[in-house]
Student: 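A single structure is presented below for examination.
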Amino acid sequence: MNNTAAFLTLSREVFVLHPKRSEIFVRHLKQKGFELDIRTGKRIKTGTAIAAVTNLWFSTLRGDQTKESEHLSGLLLGAVTPVYDDLMDLFGYTHDEIVGGKFNGIAESSNLIQLSAYLIPETYQSIAQKEAYDHFYLLTVAGQTQSHQQQSGESLTTGQLEDVMGQKGGNATLLYRQILANPMIDGEEKAIFLLGKLMQLINDLFDTRSDYLAGNLTLATSCENPKELRYLFDSLVGEMTAAFARLSYPKKNIKNALRLMMPVIARGEVCLKQFEQLFRQYGHFRLAEFSRQELVCDMEKTLNLWANYREAAKLYRKYANF
């Protein structure tokens, strides 16, 4: 698989195949009597798209297409994740209240808690690897809880912020890996944890402005120079690709999976270069002094889309040469 084929394969999955599956799934929820407001509908479409992408990555790694039962698990887990997050972050539910389907009295949350009470057991029932799913589910919940430190106003060190980022992103990606029926092999857990940590860093890069305005502390909102972010990004890409390279899957499968990961990873490269350009231009990285246009990396811009394509090819040549 070359760079162009990777982009086309991802595009087909995200913009052609997944929307059809998602539309049928959302229609099913509405037929069940669940009301989805505009925000929840969009959040579910995004969450299920993430599951579709990780399913594509990890199915490619094992050398077999995602099965229909695995697509269903991806839709369910991708839907319940944002619902869970909103119940906790927007309406103050505890984990036990969400899992128990216990309404906490906030009227605006009524539809969401009912929806979660349906989705949580349906998701679990659809999972083939229930023991592994339980394990990473609890770790993901712990990581989500730990990440609330970022919103508490307390001072966190760079090391603490990196740990929170890793626990949140790494365990969540490992949870999504359990959608597939085939168990992980030796070394795969470490490789996927590093991948998830890298994905969380990239998410934080793109959320820099919104996190800053909301008072959320991340590595991106707290650094004084983008070179700190650059060092971590390059280190994680190197560690992650090396960890995948050591797996006993056929080399072709590993290389194809990395090809499909690189377009997403390269988005982080494009964003980082925008931050580095700001630092060169102004001699500082004080977020309060940048405009929205300067700080937000818009991946719908033609120049950024083309840069994403180029950077994906460069990253693959640099890190997947094994």
Student: So does Q65 have more than 12 non-hydrogen atoms from other groups sitting under 6.0 Å from CD?
Tutor: no
Student: Do you reckon W306 sits in the same ILVMFWY cluster as I265, going by side-chain contacts under 4.5 Å, direct or chained?
Tutor: no
Student: Donor-acceptor pair, D207 side chain versus S210 backbone, under 3.5 Å?
Tutor: no
Student: Taking T173 as the fixed residue, which of F193, F58, F136 is the one that meets the side-chain contact (heavy atoms from CB on, under 4.5 Å) rule?
Tutor: F58
Student: Give me the atom names and distance for the closest heavy-atom approach of S73 to I179.
Tutor: CB-CG2, 3.7 Å
Student: Starting from L8, can I reach L315 by hopping between I/L/V/M/F/W/Y residues whose side chains sit under 4.5 Å apart?
Tutor: no
Student: Is any side-chain heavy atom of L56 closer than 4.5 Å to one of T9?
Tutor: yes
Student: Taking atom CD as the centre, does E289 end up with more than 12 heavy-atom neighbours from other residues, nucleotides or ligands that are less than 6.0 angstrom away?
Tutor: yes
Student: Does E311 pair with K273 as a salt bridge, N-O distance under 4.0 Å?
Tutor: yes
Student: Just by modelled atom types, is the N171 backbone N or O under 3.5 Å from a matching donor or acceptor in the T140 side chain?
Tutor: yes
Student: Does Y316 have R259 sitting over its ring (NZ/CZ under 6.0 Å from centre, angle to axis within 45°)?
Tutor: yes
Student: Got a sec: does the CZ of R280 have more than 12 other heavy atoms crowding it under 6.0 Å?
Tutor: yes
Student: Apply the test side chain to side chain contact (heavy atoms under 4.5 Å, CB included) to residues L119 and Y84: give CA-CA distance (whole Å), side-chain angles for both, the deciding distance (0.1 Å), then the verdict.
Tutor: CA-CA 10 Å; L119 288 173; Y84 179 99; over 6 Å; no
Student: Under the side chain to side chain contact (heavy atoms under 4.5 Å, CB included) rule, collect the residues that match up with T48, sequence neighbours excluded.
Tutor: H18, S22, I44, L75, A79
Student: Rounded to the nearest 0.5 Å, what separation is found between the CZ atom of R209 and the SG atom of C297?
Tutor: 14.0 Å
Student: When you compare the side chains of Y93 and S109, does any donor N or O come within less than 3.5 Å of an acceptor on the partner?
Tutor: yes
Student: Could you measure the distance from the CG atom of N253 to the CG atom of D64? Nearest 0.5 Å is fine.
Tutor: 10.0 Å
Student: Under the rule for side chain to side chain contact (heavy atoms under 4.5 Å, CB included), what residues qualify as partners of D86, not counting sequence neighbours?
Tutor: R39, R43, L90, L112
Student: Before you tell me yes or no, could you show the steps for N225 and F285 under side chain to side chain contact (heavy atoms under 4.5 Å, CB included), namely the whole-Å CA-CA distance, both residues' side-chain angles and the distance that decides it to 0.1 Å?
Tutor: CA-CA 6 Å; N225 189 324; F285 197 62; 5.8 Å; no
Student: Can you give me the closest heavy-atom contact between M165 and L236, atom names plus distance?
Tutor: CE-CD1, 4.4 Å
Student: What's the spacing between E239 CD and L195 CG if we round to 0.5 Å?
Tutor: 12.5 Å
Student: Under a plain distance cut-off of 3.5 Å, with no hydrogens placed, do Q114 and S110 share a side-chain donor-acceptor pair?
Tutor: yes
Student: Starting from V296, can I reach I202 by hopping between I/L/V/M/F/W/Y residues whose side chains sit under 4.5 Å apart?
Tutor: no
Student: Aromatic contact between H284 and F290, with the criterion being ring centroids under 6.0 Å apart: yes or no?
Tutor: yes
Student: Just verifying a value: how many Å separate K190 NZ and L194 CG, rounded to the nearest 0.5 Å?
Tutor: 6.5 Å
Student: With rounding to the nearest 0.5 angstrom, report the CD to CD distance, Q167 to E162.
Tutor: 11.0 Å
Student: Is the cationic atom of K20 (NZ for Lys, CZ for Arg) positioned less than 6.0 Å from the six-membered ring centroid of F25 and within 45 degrees of its normal?
Tutor: no
Student: Does some side-chain heavy atom of L219 sit less than 4.5 Å from a side-chain heavy atom of E228?
Tutor: no
Student: When you measure from the side chain of N111 to the backbone N and O of L36, does any donor-acceptor pair fall under 3.5 Å?
Tutor: no
Student: Any donor-acceptor pair under 3.5 Å linking the side chain of T221 with the backbone of N216?
Tutor: yes
Student: State, yes or no, whether a side-chain contact exists between M199 and V264 at a heavy-atom distance under 4.5 Å.
Tutor: yes
Student: What are the two closest heavy atoms between S126 and T123, and how far apart are they?
Tutor: OG-O, 2.7 Å
Student: Who clusters with L305? Use side-chain heavy atoms, under 4.5 angstrom, across I, L, V, M, F, W and Y, and order the result by chain and number.
Tutor: none
Student: Is the closest basic N to carboxylate O distance between K130 and D134 below 4.0 Å?
Tutor: no
Student: Say whether, by atom type as modelled, one donor and one acceptor occur between the side chain of T81 and the main chain of G78 under 3.5 angstrom.
Tutor: no
Student: For the pair N55 (side chain) and L180 (backbone), establish whether a donor and an acceptor sit closer than 3.5 Å, ignoring hydrogens and angles.
Tutor: no
Student: How far apart are the C-alpha atoms of D298 and K301, what are their side-chain angles, what is the distance that settles it, and do they pass the side chain to side chain contact (heavy atoms under 4.5 Å, CB included) test?
Tutor: CA-CA 6 Å; D298 185 356; K301 288 183 177 179; 3.8 Å; yes
Student: Less than 4.0 Å between a side-chain N and a carboxylate O, is that true for E224 and R286?
Tutor: no
Student: Using a 3.5 Å distance criterion without hydrogens, assess whether the side chain of E294 forms a donor-acceptor pair with backbone atoms of L278.
Tutor: no
Student: According to salt bridge (charged side-chain N to carboxylate O under 4.0 Å, His left out), who are the partners of K251, at least two apart in sequence or on a separate chain?
Tutor: none
Student: Hey, does the side chain of S235 reach the backbone of Y231 with a donor-acceptor pair shorter than 3.5 angstrom?
Tutor: yes
Student: Could you report the tightest heavy-atom contact between I127 and Q178, atom names first, then the distance?
Tutor: CG2-O, 3.9 Å
Student: Among all residues two or more places apart in sequence or in another chain, which pass the side chain to side chain donor-acceptor pair (under 3.5 Å) test with N182?
Tutor: R62
Student: Would you say K255's side chain and F322's backbone share a donor-acceptor pair under 3.5 angstrom?
Tutor: yes
Student: Between L260 and L10, does the side chain to side chain contact (heavy atoms under 4.5 Å, CB included) criterion hold? Intermediate values first, please.
Tutor: CA-CA 7 Å; L260 292 168; L10 270 175; 4.2 Å; yes
Student: Tell me, which pairs form a side chain to side chain donor-acceptor pair (under 3.5 Å) where one or both residues lie in residues 241-250, sequence neighbours left out?
Tutor: E188-Y249
Student: Say whether, by atom type as modelled, one donor and one acceptor occur between the side chain of E70 and the main chain of K67 under 3.5 angstrom.
Tutor: yes
Student: What's the separation between atom NZ in K252 and atom CG in N256, rounded to the nearest 0.5 Å?
Tutor: 6.5 Å
Student: Between E23 and K45, is there a side-chain N and carboxylate O pair less than 4.0 Å apart?
Tutor: no
Student: Measuring only between side-chain heavy atoms, which start at C-beta, is I24 closer than 4.5 Å to R27?
Tutor: yes
Student: Does CG in N2 sit with more than 12 non-hydrogen atoms of other residues, nucleotides or ligands closer than 6.0 Å?
Tutor: yes
Student: Looking only at heavy atoms, what is the nearest atom pair of S59 and T66, with distance?
Tutor: OG-OG1, 2.7 Å
Student: Do you reckon V14 sits in the same ILVMFWY cluster as M1, going by side-chain contacts under 4.5 Å, direct or chained?
Tutor: yes
Student: Test of understanding: clusters of I, L, V, M, F, W, Y form through side-chain heavy atoms closer than 4.5 Å, transitively. Do W57 and I185 belong to the same one?
Tutor: yes
Student: Do Y212 and L295 come within less than 4.5 Å of each other through their side chains, counting heavy atoms only?
Tutor: no
Student: Measure across A312 and N3 and return the closest heavy-atom pair with its distance rounded to 0.1 Å.
Tutor: CB-OD1, 3.6 Å
Student: With E269 as reference, evaluate R310, K318, R230 under the salt bridge (Lys or Arg N to Asp or Glu O under 4.0 Å) test and give the passing residue.
Tutor: R230
Student: With side chains defined as the heavy atoms from C-beta onward, is the minimum distance between Y319 and D234 less than 4.5 Å?
Tutor: yes
